[in-house]
Amino acid sequence: MARFDPSVTEKKWQQAWDKAGVFTAKRDETRPKYYVLEMFPYPSGRIHMGHVRNYTMGDVIARYKASTGHNVLHPMGWDAFGMPAENAAMASGGHPKDWTYQNIAVMREQMKPLGLSIDWSREFATCDPEYYGQQQALFLDFLEAGLIDRRNATVNWDPVDMTVLANEQVIDGKGWRSGAEVERRDLTQWFFRISDYAEELLEALEGLDNWPAKVRLMQENWIGRSRGLQFGFERVDGGDPISVYTTRPDTLMGASFVGISPDHPIAKKLEAENPEIADFVAECRKGGTTEEAIETAPKLGMDTGIRVKHPLNPDWELPVWIANFILMDYGTGAIFACPAHDQRDLDFCRKYDLPVIDTFFALDDPTPVEREAFVPPKTDKVQWVNHFAGLDVATGEEAIEATIAAAEKEGWGEGVTKYRLRDWGLSRQRYWGCPIPVLHCPSCGVVPEKKENLPVTLPDDVSFDIPGNPLDRHPTWRDAPCPKCGGDAKRETDTMDTFVDSSWYFARFTAPRAETPTNMADADYWMNVDQYIGGVEHAILHLLYSRFFARAMHITGHLPASAREPFDALFTQGMVTHAIYVTRDENDRPVYHFPEDVEVHESGARLGATGEAVEIIPSAKMSKSKNNVVDPLNIIGAYGADTARWFVLSDSPPERDVEWTASGADAAYKHLSRVWSLCDRIGAMDPDQPGEGDDDLLREMHKTIRDVTNGIESFGFNAAIAKLYAFTNTLARSKAGAKAQKAAIKTLAQLMSPMTPHLSEEIWAHQGGEGLIAQADWPVADEAMLVEDSVTLPIQINGKRRSEITVPKDMDKVEVEKLALTDKAVLKALSGGAPKKLIVVPGRIINVVI
RNA sequence: GCGGGCGUGAUGGAAUGGUAGACAUAUCAGACUUAAAAUCUGAAGGGGGUUGCCCCCGUGCGGGUUCGAGUCCCGCCGCCCGCACCA
């Protein structure tokens, strides 16, 4: 008997596919195209199970689509700029460029044995000058089209290392290396004007039918359109009125103070004049810039001494407070607080002893607010107290609209629509990224680089021994002639956010070697991505930025109008999780260890090398920064790629997180061996050998074709695999003749081929299949074989299953009812009486209500 | 804090509002074997009874809608993801 030996056969078939050029995508207008794309990896240095899972899913789709007559594009590349390369350079010397390209080489070699149907001829890395040069060209076109802006933005500032920190580098409000308390600081930055497209990006979500509803909802909430009232509070001291924006203008009679952000112009002015306020504002600026840090910080406030007049009652004066939880980025950076109907405002007012005024009550409960704000849904009817627009009983929605209408009529405010979405700050004070192609000229100001001078390449002679951006302190790189006047100018030393790199790579794959960012004919043919696959952690930023970029690329002539929404269908796979292994360094900072460096015993975990005790943090997202990645190469080495592929698909539903466990791999291998020995046995049968139950076997075969096809189409890979297990069991037990069994094993091989392509080729060849199974047409279920003559209906009594009857498939409903009432269990339950109700769902179920 | 999701046997999980636990892992029993491995066959949610059969309970917790709820609605609890400089 021929042995199942993946180490030999897998290489053989990979070479056969290469030789036949099966996966090289060529434009072919005569065939329908299908573009399947998995989110490209960051070259961390080794592939992990998350990659295997992600790329295997895409590969199943790619291979399946190819076998149903599609011209498939399935490319791969590297999201190669980013902080880990600089961190590695800081930690162990070396150069980010060498580190990155070495990692890419290693990971490519780790991916190839998986037998993915990737067109490697299109591969690129975002750190290739050929790629980022085109990205600089896009930047210049966007700049010219008015899609880019320059203005201040807040960053995390480490006052000891004198450097900007990423959010990830701020731990509990302190710098990760210096341990110094982080401050928020303003810096001049470049911005993509994505907020100009807020409405369009919001509305277009409706058309994304093949995106998960949860992702559309998350994006909708992120864009955050709101309708509210904008108006000014007159200052008692005659200063400029304070403009506020509120989504609850109906609660204006409950206003207890006016709050401004510590970054509000008034606060900044007071800061310069008043040391007490300067101290307070400095206190407010401590901590990181994340919304999370700001929202969860203890609420701080200080009375500015400024008083404003209530717009509805000039005799009513309100104090103006600076409060640390008010964001300058949202609305006008100033609010009025209504503590009775907002928990945060209430907590603040109780802390600082400010008044709490109820403006409405529940219809059945006029209890004044004490410690808990009364915040009913805006659609609930409530009883209003002294509402200036004359409302008595009305919903919040009605009251808001009435208030806006009244304010507009009386001329003291106007209804406006605002968005939570902010412009996208793209400047990064780091080396390992795409240089922003502009210069600063003493006489001409900010000047874009000329396109013929692109790419503006990164200098290689840099060091990372001191914190900060090496471009900033490079002796010569900054010096360049002004493209406008030719005089001495300085290059911009900021590089681009790596989200820029990943916002258009999908378009570049359609013409990866073009001398322009894209080639219209190729983009027109291959776009859009028919199926995009990636982690749900990208549900908002990456996908929103890509949607914006596709629009911007259309405006600047780099993509057709049809590609403005670049991803037709999106599938968000769950993450692969794994325990994290941590020790602490002398400063009690965490040091993360790779699973293979850790020995886990029942008594606890220790470092293999030193025996040091290791803390185990249970299952978290596999992440390069936490080193909790698992090396799939061990499995491929021991069992082959087909086993690894089969296992990652069978273990868990693809949209859900999966915790990596080694226990299933052995089982997957056993099963594939079993299929192979089945193939061997059937191959040895006399071709004319008759048997019993040919029809039953073929009927099961056609059902399996139907179920597996549906499973693949709907991303139910684990369910499809369950059907393949079941059919293998059926085939193994079948006594059918050689002809039927041979048809069954060939079909089984085809149905398995998207998941286990190598084994399937081997079976195909063994059974005398024509050509490569990778190029064979997908089997089609014979409808006639799927029809059942009779159907078994469960009988419920009061909703609980008690019995069942088998009836002809097309039996009349009335007949089924009659028959059901003669059932033993039904007769017993009725004990002579008549049922209250009899429900018959044809082909499904019978329920007798007693 | 805000936004989104998830929760089913020992384990991974299956189930268009219609027989809960498919398929698999681990376990146990049997066959084969001198023995073990491999392989094959079978058992199995929990509890109870009058045990060729029947009953009760059971999908995180508490309510609700429905002839019927793992699935829909409301309120909790727990875990996970995102929060704009991680990628």
Side-chain angles (χ1 to χ4, degrees), chain A residues 39 41-42 44 79 81-84 153 155-156 164-170 189 194 212-215 217-222 224 288-297 299 325 329 343-344 420-430 497-499 501-502 535-542 544-545 572 574-575 577 618-621 623-625 650-653 655-659 661 663-664 666-668 670-671 673-674 677 716 718-719 721-726 729 732 792-796 798-804 825 835-839 841 844-849:
Chain A
M39 290 179 187
Y42 179 81
S44 56
D79 190 11
F81 275 134
M83 297 202 311
V155 295
N156 301 303
V164 177
L165 298 178
N167 286 334
E168 192 191 45
Q169 298 170 321
V170 179
Q189 311 252 289
I194 188 173
K214 66 173 172 183
V215 174
L217 185 58
M218 279 191 265
Q219 293 216 351
E220 186 183 324
N221 290 336
W222 185 261
T289 57
T290 65
E291 196 174 306
E292 185 188 4
I294 292 163
E295 295 269 334
T296 53
K299 306 291 170 273
F325 58 85
D329 287 322
Q343 191 61 45
R344 189 173 58 183
R420 205 183 74 99
L421 179 67
R422 307 201 297 257
D423 278 339
W424 168 14
L426 69 110
S427 303
R428 297 292 181 268
Q429 295 71 44
R430 265 178 269 287
D497 178 10
T498 56
F499 271 122
D501 312 337
S502 56
V536 70
E537 67 272 25
H538 295 295
I540 294 174
L541 294 180
H542 162 61
L544 194 62
Y545 291 160
T572 54
M575 281 175 295
T577 61
S619 233
K621 169 181 160 186
S623 136
K624 43 218 156 278
S625 62
S650 64
D651 196 50
S652 225
E655 69 278 9
R656 219 182 286 183
D657 286 358
V658 60
E659 164 132 31
T661 140
S663 67
D666 199 49
K670 276 186 202 170
H671 178 73
S673 308
R674 189 160 166 251
S677 54
N718 56 327
I721 282 180
K723 300 286 181 190
L724 289 167
Y725 266 111
N729 290 338
T792 300
L793 298 176
I795 298 179
Q796 295 182 332
N798 289 338
K800 292 187 182 197
R801 183 187 172 279
R802 284 292 180 264
S803 181
E804 61 181 35
K836 254 192 218 155
K837 204 167 175 182
L838 186 57
I839 291 139
V841 184
R844 272 281 170 205
I845 204 162
I846 300 159
N847 192 8
V848 186
V849 184

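All values below were derived from every heavy atom in this structure, side-chain atoms included, with hydrogens, water molecules and symmetry-related copies excluded. Bear in mind the structure is a predicted one, so any value in this text is a computation, not a measurement. To find a chain, count down the sequence lines: A is the first, B the second, and so on, and within it residues start at 1.
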Any N or O donor-acceptor pair under 3.5 Å from the base of [N] to the side chain of [X]?
| X | N | value |
| --- | --- | --- |
| A/R802 | B/rU19 | no |
| A/N847 | B/rC67 | yes |
| A/E292 | B/rC83 | yes |

Side chain of [X]: nearest nucleotide among [options]?
| X | options | answer |
| --- | --- | --- |
| A/A726 | B/rC23, B/rA84, B/rU19 | B/rC23 |
| A/Q796 | B/rC86, B/rU19, B/rA84 | B/rU19 |
| A/M218 | B/rA84, B/rG4, B/rC86 | B/rG4 |
| A/K670 | B/rU39, B/rG18, B/rC6 | B/rU39 |
| A/P794 | B/rU19, B/rA87, B/rA84 | B/rU19 |
| A/R801 | B/rA20, B/rG3, B/rG18 | B/rA20 |
| A/N156 | B/rC85, B/rC67, B/rA87 | B/rC85 |
| A/H538 | B/rA87, B/rA20, B/rG5 | B/rA87 |
| A/E291 | B/rC85, B/rG1, B/rA87 | B/rG1 |
| A/P653 | B/rG5, B/rG13, B/rC67 | B/rG13 |

Would you classify [X] as touching base, sugar-phosphate or nothing, given that sugar-phosphate means primed atoms plus P, OP1 and OP2, and contacts are heavy atoms under 4.0 Å?
| X | value |
| --- | --- |
| A/L421 | base |
| A/V155 | base |
| A/L217 | sugar-phosphate |
| A/V170 | nothing |
| A/G425 | sugar-phosphate |
| A/S427 | base |
| A/K800 | sugar-phosphate |
| A/Q189 | base |
| A/N798 | nothing |
| A/T296 | base |
| A/Q169 | nothing |
| A/R420 | base |

Round to the nearest Å and state the distance from [X] atom [atom1] to [N] atom [atom2].
| X | N | atom1 | atom2 | result |
| --- | --- | --- | --- | --- |
| A/H671 | B/rA38 | NE2 | P | 18 Å |
| A/N729 | B/rU39 | CG | P | 13 Å |
| A/Q429 | B/rC86 | CD | P | 12 Å |
| A/N718 | B/rG12 | CG | P | 14 Å |
| A/H542 | B/rA84 | NE2 | C1' | 15 Å |
| A/I540 | B/rG4 | CD1 | P | 10 Å |
| A/W222 | B/rG82 | CH2 | P | 12 Å |
| A/F499 | B/rG82 | CZ | P | 11 Å |

Query raised in the report: Using 4.0 Å as the upper bound for N to carboxylate O, is an ion pair formed by A/E655 and A/K214?
Result: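 A salt bridge is absent here (no side-chain N lies under 4.0 Å from a carboxylate O).
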Is [X] close enough to [N] that one of its side-chain N or O atoms is under 4.0 Å from OP1 or OP2 there?
| X | N | answer |
| --- | --- | --- |
| A/R656 | B/rG7 | yes |
| A/S650 | B/rA24 | no |
| A/R674 | B/rC40 | yes |
| A/T290 | B/rC83 | no |
| A/R422 | B/rC85 | no |
| A/R428 | B/rC85 | yes |

Is [X] reaching over with its side chain to a backbone N or O of [Y], donor-acceptor style, under 3.5 angstrom?
| X | Y | answer |
| --- | --- | --- |
| A/N847 | A/G799 | yes |
| A/R420 | A/W222 | yes |
| A/D423 | A/I194 | yes |

Query raised in the report: With syn defined as a glycosidic torsion within 90 degrees of 0 and anti otherwise, which applies to B/rU51?
Result: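 Syn conformation for B/rU51.
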Requested in this report: Classify the glycosidic conformation of B/rG64 as syn or anti, calling it syn when the angle lies within 90° of 0.
Outcome: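 Here the answer is anti: the torsion falls beyond 90° from 0.
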Requested in this report: Find the runs of at least 3 consecutive base pairs, i with j, i+1 with j-1 and so on, that include RNA chain B, using Watson-Crick or G-U wobble geometry with both distances under 3.5 Å.
Outcome: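 In RNA chain B, stems of three or more pairs: B:1-7 with B:77-83, B:10-12 with B:23-25, B:27-31 with B:39-43, B:45-49 with B:53-57, B:60-64 with B:72-76.
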Report task. Would you check if A/L421 and A/L544 make a side-chain contact, meaning some heavy-atom pair closer than 4.5 Å? Result ->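 Yes, their side chains come closer than 4.5 Å.
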Within the sub-3.5 Å range, which N or O atoms of nucleotides 72-79 of chain B have a protein N or O partner, and how far apart are they?
none

